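These notes are about the structure you will find just below.
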Amino acid sequence: MSLWVDKYRPKTLDELSYHEGLTTRLRSLANSGDFPHLLVYGPSGAGKKTRISCVLRELFGKSVERLKIDQRVFLTPSKRKLDVNIVQSNFHIELTPSDVGNYDRVVIQDLLKEIAQTQQVDLSAKQRFKVVVINEADLLSRDAQAALRRTMEKYMSNLRIILCANSTSRLIAPIKSRCLLVRVAAPSLEEIQAVLQQVAKNVGFDLPPEASEKIAEESNGNLRKAMLVLETLKMQSKDLNSPLLTIPKPDWESYCHKVADLIMSEQTPAKVMEVRGKFYELLSHCIPPTVILKTVADRLVDKMDESLKADVMYWAAFYERRMRIGNKKIFHLEAWVVKVMSLYKVMCTSIY
Amino acid sequence: MRTPPAPASIDCLSGLSFVFTGELPGFSRDESVSLAKRYGGRVVGQPSSKTSFVVLGNNAGPGKLKAIEKHNLRTLDEDGFMNLIATRKGPSAGGKVDDKTRKKMEKEEEEIKQGAEELARREEAASLMFLSSGEAISRLTQLWTVRYAPKTLKEICGNKGQIEKLQQWLVDWPGSSKSDFKKPGKNGTNIYRAMMITGPPGIGKTTSAHLCAQLAGFTPIEMNASDARSKKLIESGANTMNQSLDKWLTGKGSLKTAQSVNAAGVEITSRSCLIMDEVDGMSAGDRGGVGALAALIKKTHVPIICIANDRGAQKLKPLLNCSFNLPFKKPDAVMVRSRIMTILYKEKMKVPANVVDQLVEGAQADIRQVLNMLSTWRLSSDTMGFDDSKALVKMNEKYATITPFAIIQKLLGPYMFSPNARETLNDKMELYFHDHSFVPLFVQENYLKTTPSLVRKTDTPPEKLKLLKLMDRAASSLSDADIVDSLIHGPEQHWSLMPLHAVTSTVIPASCMYGNTSYTGPNTISFPQWLGQNSKQNKLMRQLGDIQVRMRLKVSGDKTEIRQHYVPALFPHIVQPLMDDGTSAVDEVIERMDKYFLSKDEWDTLVELGVGSHKDEGVLKKVSTATKTSFTKKYNLKVHPVPFHKAQDLGKLPKKLSAEPAPDLEEAYDVSGWSNATNTQPNFGTRMMTTFRMRTMTTRRNQ
């Protein structure tokens with residue numbers, strides 16, 4: 001009864017369906033006996049984690065799939081206790097240091113050294129080293145990244161690190177130079193459709209190509225999203241052949257579209273405050289500010305006059321950068337909204 | 001600033017009342033108000049039928065214009081106002097004043113004279129006493145605040161009703177003591193054994209307490225912050241007066257046998273009254289003092305009057321429950337003026353009424369401070385002009401903390417940034433530094449709520465555009481401010497950027513958007529939402545993290561992926577069935593949750609995370625109560641797979657208890673409870689705990 005996305009996740013390198021070249025390379029790496037540190041990057045929903053677990057399986061065999069979760073407590077220098085959740089098997093360990101915010105350095109230092117200094121005790125193990133998978137590596141603070149540098153070289157005999165990130169731009173150069181960079185690009189429309197068809201076949205229903213095409217388009221190259229949408233769609237509408245089929249949008253996306261419509265409807269202080277309220281609602285319900293900005297901007301560009309599109313996107317990029325540097329995201333979101341409103345108003349008044 | 005003309009006489013505006021509205025071209029609001037006051041005029045905020053003139057500037061408030069029409073008031077423009085000053089003759093120059101005003105002035109003068117005579121008489125009597133008793137201190141060397149302290153209830157300025165209540169309570173004390181504080185009396189005060197007077201400094205709280213006690217025939221005994229008042233001292237009575245407060249408790253009875261006399265030589269009888277001054281000053285050194293005092297109040301046989309400045313203070317909580325609250329307000333400026341004028345007449349100082357008003361206003365009705373200022377001034381001069389008083393007030397300015405609400409009213413209000421405002425950039429930045437963490441948040445919350453003065457009518461397209469331009473400038477400046485803020489609070493801590501933050505976060509937005517602010521409706525100045533929203537976000541983020549950890553064994557995505565894709569995708573599986581099918585869907589939902597190791601708590605979070613059509617309120621409304629209860633019941637009945645145990649779930653006995661002696665097992669369990677206790681471990685633990693607690697409680701009581 002798991003969701004399809006989890007049920008039909010490929011477990012071995014052989015089952016992977018797209019990026020054939022990458023799969024071959026990963027297989028030969030895993031079998032070479034000279035496995036490097038990896039930095040796997042690409043957009044979310046492209047299959048980074050799936051590929052990492054396939055590589056682990058190739059390295060250590062089936063027993064790597066026996067996972068357990070542990071909660072470890074770390075002490076900061078100021079004696080604050082940090083709870084960190086760790087997923088591990090006998091051969092590898094997976095952690096998300098960015099969960100503890102600024103204290104990620106402590107976690108990296110303590111945990112990595114501990115693992116690095118103990119050798120693999122299981123004599124039947126296929127490899128002499130353990131693997132540490134670090135999730136959300138692009139959110140690591142600079143200190144934490146610096147703490148990784150030397151450990152990666154010094155304990156190479158006991159330890160390999162696989163970093164998983166959305167983009168490499170926030171990683172410092174020394175880290176990048178110590179890793180083999182593996183880019184997992186988003187699957188193309190055809191690739192997504194092929195996967196969807198495969199899943200439909202496995203489940204045992206007929207997926208019309210029009211529906212799969214619609215889903216693929218809607219998913220923006222995020223295969224996870226595509227699969228979840230497919231399942232929701234199958235549950236909600238019995239007849240997938242109907243030409244009126246609409247792809248269900250997630251709650252936050254339709255909410256963002258409402259915001260965009262508000263911005264277009266009227267350009268007054270009262271409307272800005274209404275938009276602010278909606279932004280607060282989205283932010284407090286854990287929608288990342290950059291996602292909000294992108295979704296609203298996309299919607300605005302769809303609806304607005306051609307002449308304004310470039311400007312709207314320019315300012316969206318401008319304020320997205322500021323959001324990343326600054327603390328209070330809502331300030332920048334609001335500044336962008338006001339900017340867009342005044343641009344729009346200028347255009348409207350110049351027409352008449 | 002335009003130079004005002006020479007006045008026809010120094011009190012040329014006396015007897016007139018003014019209302020100012022709008023901006024005068026040549027003067028700022030403060031300057032014009034001060035001009036009117038300088039020449040003896042009265043300035044009021046709202047026009048009424050008694051207003052003599054309304055001085056109209058540009059952009060006058062619509063409410064005031066309506067009132068002018070309604071009351072048919074005379075209006076002046078700036079030139080007219082100047083003309084009035086230059087030509088009207090005040091009473092001192094033989095100008096005409098109408099009968100009513102003259103009579104009023106004469107009456108006031110008469111009262112002042114009488115008061116001064118009374119003071120003089122009293123002083124004479126006192127000096128006679130001084131000669132006969134040979135006391136060490138002469139009246140003449142006393143501070144004015146002591147020399148002219150009120151001697152009768154009539155002389156206390158303001159708070160008449162409250163003082164009467166206090167007086168009545170003291171008078172009724174023997175009766176209410178006899179009835180064991182059961183009869184509330186006409187003010188409802190007689191069921192209390194203590195009074196709590198609260199109010200700002202210098203308005204006569206201590207004086208009233210002493211006076212009332214004396215007049216009701218009690219001997220006041222005062223303890224203030226200079227005495228140690230810790231719990232131990234209050235309980236054992238080893239205080240500065242070497243006098244156990246237990247004596248207070250016994251009251252009349254035991255006093256017959258034990259002659260108790262305090263350090264000041266005052267005999268403690270049932271006619272004593274304890275005045276606990278400055279109770280909010282019972283601080284670090286007086287640990288437990290407030291609690292002990294509250295306990296004392298509950299059994300005292302002498303009246304206790306507590307005095308404090310801030311009623312809202314957290315540490316006064318225990319006292320508020322057991323005492324009657326008497327809030328004292330700042331007295332009316334007129335009352336204070338007549339009292340001060342009397343004293344000045346007695347001291348043979350020539351200070352006009354408007355100057356005294358200025359002083360009283362500047363000291364925020366703190367009579368003590370006004371007297372101190374005047375007594376110092378007296379050393380150098382007998383007269384005081386309007387400008388002197390202004391300077392004096394400025395010099396003695398109390399550092400008053402302005403609330404963020406007042407700051408934001410000033411900043412976004414119409415005067416701070418108007419063309420003829422006299423505030424410098426530094427003055428404006430100073431407002432930011434009153435509370436540099438709150439003011440920017442307030443500005444951000446409220447900058448869109450004004451009716452900007454820079455845009456007059458908002459219905460024409462060019463004006464609408466101008467408004468948007470201003471908003472844009474303000475908003476982008478706020479965005480700059482956040483960047484500056486992250487530099488200040490970032491790892492490098494550039495605190496030297498604070499002034500820049502002041503300008504970008506506060507001054508620039510306010511300079512664009514200043515205008516009229518409203519007190520009602522949707523555009524009321526409000527507390528920043530950011531704080532609440534931010535903590536809500538943190539809370540939900542943490543809960544989302546819990547979900548992600550639990551789902552981790554099945555799902556590869558990170559937190560944001562879970563929120564963006566799994567939460568909407570899980571909705572039709574684990575929430576929708578409960579909404580549509582009700583109780584029959586519960587089993588299926590629970591099974592689905594177990595697949596992902598989600599517990600009931602996580603289900604709640606998943607619902608709470610929804611927005612728009614999935615908003616938690618709307619969703620929960622659609623799930624019937626029967627379904628909810630059956631869901632909870634069924635969930636609790638079954639055993640669910642758990643991905644891992646949290647460290648804190650396992651639970652430990654608190655360390656502190658291990659020091660206690662081991663519990664007697666026979667005492668711990670009754671016979672029937674024994675079998676239960678051995679069967680289930682957690683039960684065993686809780687039983688041990690309760691026994692421990694009971695034992696510690698009994699041992700304490702025995703001690």
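Naming: A, B, ... by sequence-line order, numbering from 1 per chain. What you see is a predicted model, and the numbers here were worked out from it, not measured in a lab.
In terms of heavy-atom pairs under 4.5 Å with chain B, the best-connected choice from A/L228, A/N102, A/I69, A/V229 is A/I69. Interface summary for chain A: among B/H614, B/R563, B/H573, the most heavy-atom pairs under 4.5 angstrom belong to B/R563. Across A/K68, A/K278, A/M273, the residue that shares the most heavy-atom pairs under 4.5 angstrom with chain B is A/M273. Interface summary for chain B: among A/Y255, A/F331, A/Y280, the most heavy-atom pairs under 4.5 angstrom belong to A/Y280. When the candidates A/K225, A/H332, A/K249 are compared by the number of heavy-atom contacts under 4.5 Å with chain B, A/H332 comes out ahead. Ranked by heavy-atom pairs under 4.5 Å with chain B, the list A/D6, A/L67, A/L282, A/V338 is led by A/D6.
With a 4.5 angstrom heavy-atom cutoff, A/N85 touches chain B only via side-chain atoms. Of the atoms belonging to A/T268, it is backbone heavy atoms, and not side-chain ones, that fall under 4.5 Å from chain B. Looking at A/E94, the atoms closer than 4.5 Å to chain B (heavy atoms on both sides) all sit in the side chain, from C-beta outward. With a 4.5 angstrom heavy-atom cutoff, A/R9 touches chain B only via side-chain atoms. Contact of A/E136 with chain B is made through the side chain alone, with heavy-atom distances under 4.5 Å. At a 4.5 Å heavy-atom cutoff, the contact between A/R322 and chain B is made by backbone and side-chain atoms alike.
Residues A/N222 and B/H565 bring a donor and an acceptor atom of their side chains to less than 3.5 Å of each other. Side-chain N/O atoms of A/R224 and B/S556 include a donor and acceptor closer than 3.5 Å. A/D104 and A/S141 are linked by a side-chain donor-acceptor pair at a separation below 3.5 angstrom, with hydrogens and angles left out of the test. Checking B/E602 against B/S599 by side-chain atom types alone, a donor-acceptor pair falls below 3.5 Å. Side-chain atoms of A/H257 and A/S254 include no donor-acceptor pair closer than 3.5 Å.
Between B/W495 and B/H436, the ring planes are perpendicular. Angles over 60° get that label, and only those under 30° would be called parallel. Taking the six-membered ring for Trp and thresholds of 30 and 60 degrees, A/F318 and A/W315 have ring planes more than 60 degrees apart, a perpendicular arrangement.
Contacts with chain A (heavy atom to heavy atom, under 4.5 Å) involve these residues of residues 524-533 of chain B, listed by number: B/Q529, B/W530, B/Q533.
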